[in-house]
Structure formats: C-alpha cells, structure tokens
**Q** 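What follows is a structure written as structure tokens; I'll ask about it next.
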Amino acid sequence: MADDLAESLQSLFTSVSSMVKSELQGTNNQLDLIEKMNLRVASEYDDLGDVASGLRVFAEQMKSKSGGLDEFVGQMDAIEKQVSEFEAVISVLDRYVSVLESKVRDSYRHPHRRSNDSVTD
C-alpha cells in the first residue's frame with residue numbers, strides 16, 4: 001500500500017509538474033508574441049516617423065510656394081480694383097456720350113436752337 005501511495009504521489013507530482021511546465025511554456029509563448037508585436041509596432045512607428053518627416057518637408061515647400069502666390073494674389077486684387085475703377089469711369093463717359101448724342105440729334109431736329117448752348121445743359 002505504501003508503494004501505491006508513493007506511486008500515486010509520484011504521478012500527482014509528475015502531473016502537477018507537467019501542468020506548471022505547460023503553464024510556464026504558455027506564458028513564455030505569450031511573452032515571445034508580445035515581444036514580436038512590440039518589434040513590429042516599433043517598426044511601424046519608424047515608418048510613420050519617416051512619413052511625418054516627408055509631410056513636414058512637403059508642408060514647408062507648400063508654405064514657401066504659397067508665400068509667392070500671396071504676392072500674385074495681392075497684384076490680382078490691385079488689378080481688379082483698377083478694373084472696377086475703369087468700369088466706373090467708362091460708365092460715366094458712356095452716359096456723357098449718350099447725353100452728347102442726344103443733344104446732337106436734338107440740334108439736328110431743331111436747327112432753330114442757339115448754337116452756343118452748352119453741352120452740360
């Protein structure tokens with residue numbers, strides 16, 4: 001009976017030892033997986049850092065180009081203002097010419113009017 005007890009205890013210890021060894025192996029496998037995942041994430045962050053550097057250079061280039069465009073936008077605004085002013089002058093001149101045409105036509109219709117009538121009547 002002592003041999004059966006010793007054999008049962010030996011079997012129990014062997015099973016417990018096997019179970020602990022399996023648990024430790026599982027934990028070790030999980031740690032290996034976590035290490036591989038960390039290395040992969042670190043690699044991804046390195047790649048993202050390269051992308052961010054490229055974007056920073058691109059943004060700086062775009063900023064310098066937009067500075068040049070700002071000058072042209074200012075020139076275009078000035079030209080647009082001048083065009084608006086010219087349109088206003090042309091409109092005034094057009095009205096003036098219309099009045100002159102009207103007076104010339106009127107003077108041909110009514111030749112009895114005085115020839116020294118002013119244009120601004």
Side-chain angles (χ1 to χ4, degrees):
M1 177 138 161
D3 286 337
D4 285 340
L5 182 59
E7 207 174 286
S8 291
L9 287 174
Q10 181 64 32
S11 175
L12 176 66
F13 288 132
T14 302
S15 296
V16 169
S17 173
S18 179
M19 183 185 77
V20 169
K21 184 177 178 182
S22 294
E23 286 289 324
L24 290 174
Q25 185 62 42
T27 301
N28 193 33
N29 289 343
Q30 288 177 347
L31 290 174
D32 286 343
L33 178 62
I34 289 172
E35 180 183 14
K36 288 176 184 176
M37 289 171 62
N38 281 340
L39 291 173
R40 177 69 179 152
V41 168
S43 172
E44 289 290 326
Y45 279 127
D46 285 344
D47 292 344
L48 289 176
D50 293 341
V51 169
S53 292
L55 287 174
R56 184 175 57 244
V57 168
F58 178 73
E60 289 170 1
Q61 289 173 346
M62 293 308 292
K63 185 177 178 182
S64 70
K65 288 180 182 179
S66 78
L69 290 177
D70 289 343
E71 177 184 342
F72 291 120
V73 169
Q75 290 175 356
M76 289 171 51
D77 288 343
I79 290 170
E80 184 178 348
K81 182 180 176 187
Q82 290 176 347
V83 167
S84 295
E85 291 170 357
F86 287 142
E87 286 175 342
V89 168
I90 288 171
S91 177
V92 168
L93 290 175
D94 189 45
R95 284 193 303 264
Y96 183 72
V97 167
S98 293
V99 168
L100 283 178
E101 287 176 344
S102 175
K103 287 187 179 207
V104 167
R105 267 185 278 169
D106 194 37
S107 70
Y108 280 119
R109 285 186 199 147
H110 304 95
H112 64 280
R113 285 186 80 183
R114 292 180 299 165
S115 60
N116 62 354
D117 284 348
S118 81
V119 176
T120 57
D121 283 348

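Heavy atoms only: backbone and side chains are in, while hydrogens, waters and symmetry mates are out. As the structure is a computational prediction, the values presented were derived from the model and not from experiment.
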**Q** Rounded to the nearest 0.5 Å, what's the gap from CG on N28 to OG on S22? Could you check?
**A** 12.5 Å

**Q** Less than 4.5 Å apart, any side-chain heavy atom of L12 and any of V16?
**A** yes

**Q** Got a second to check how far S8's OG is from D3's CG, nearest 0.5 Å?
**A**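 Nearest 0.5 Å value for the OG-CG distance: 10.5 Å.
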
**Q** Side-chain contact, heavy-atom cut-off 4.5 Å: D47 with S43?
**A** yes

**Q** Counting C-beta onward and ignoring hydrogens, is there a side-chain heavy-atom pair between M76 and E80 closer than 4.5 Å?
**A**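 A side-chain contact under 4.5 Å is absent here.
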
**Q** Are M37 and L31 connected into the same hydrophobic cluster when the rule is that any two of I, L, V, M, F, W, Y join if their side-chain heavy atoms are below 4.5 Å apart?
**A** no

**Q** What distance separates I34 CD1 from L39 CG, expressed to the nearest 0.5 Å?
**A** 12.0 Å

**Q** Look only at the side chain of S18 and the backbone of T14, and say whether a donor-acceptor pair between them is shorter than 3.5 Å.
**A**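 Answer holds: no.
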
**Q** Rounded to the nearest 0.5 Å, how far apart are CZ of F86 and CG of L93?
**A**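 Rounded to the nearest 0.5 Å, the CZ-CG separation comes to 11.5 Å.
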
**Q** Check whether any side-chain N or O of S53 sits under 3.5 Å from a backbone N or O of G49 as a donor-acceptor pair, and report yes or no.
**A** yes

**Q** Pair V97, E101 - check side chain to side chain contact (heavy atoms under 4.5 Å, CB included), show working.
**A** CA-CA 6 Å; V97 167; E101 287 176 344; 3.8 Å; yes

**Q** If I take atom OG from residue S107 and atom CG from residue L100, how far apart are they, to the nearest 0.5 angstrom?
**A** 10.5 Å

**Q** Go through it in stages, so that I can follow the logic: the residues are S91 and R95, the test is side chain to side chain contact (heavy atoms under 4.5 Å, CB included), and I'd like the CA-CA distance, side-chain angles, deciding distance and then a yes or no.
**A** CA-CA 6 Å; S91 177; R95 284 193 303 264; 3.1 Å; yes

**Q** Counting only heavy atoms not in Q75, do more than 12 fall under 6.0 Å of its CD?
**A** yes

**Q** More than 12 heavy atoms of other residues, nucleotides or ligands under 6.0 Å from CD of E7: is that the case?
**A**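 No, because the 6.0 Å sphere around CD of E7 holds 12 heavy atoms or fewer from other groups.
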
**Q** Hey, is CD on E44 packed in by over 12 heavy atoms from elsewhere, all under 6.0 Å?
**A**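 Yes, the 6.0 Å shell around CD holds more than 12 heavy atoms from other groups.
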
**Q** Find the distance between CD (E87) and CG (D94) and round it off to the nearest 0.5 Å.
**A** 12.5 Å

**Q** Is any side-chain heavy atom of Q25 closer than 4.5 Å to a side-chain heavy atom of N29?
**A** yes

**Q** Would you say L5 and F13 are hydrophobically clustered, going by side-chain heavy atoms of ILVMFWY under 4.5 Å?
**A**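 Yes, same cluster.
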
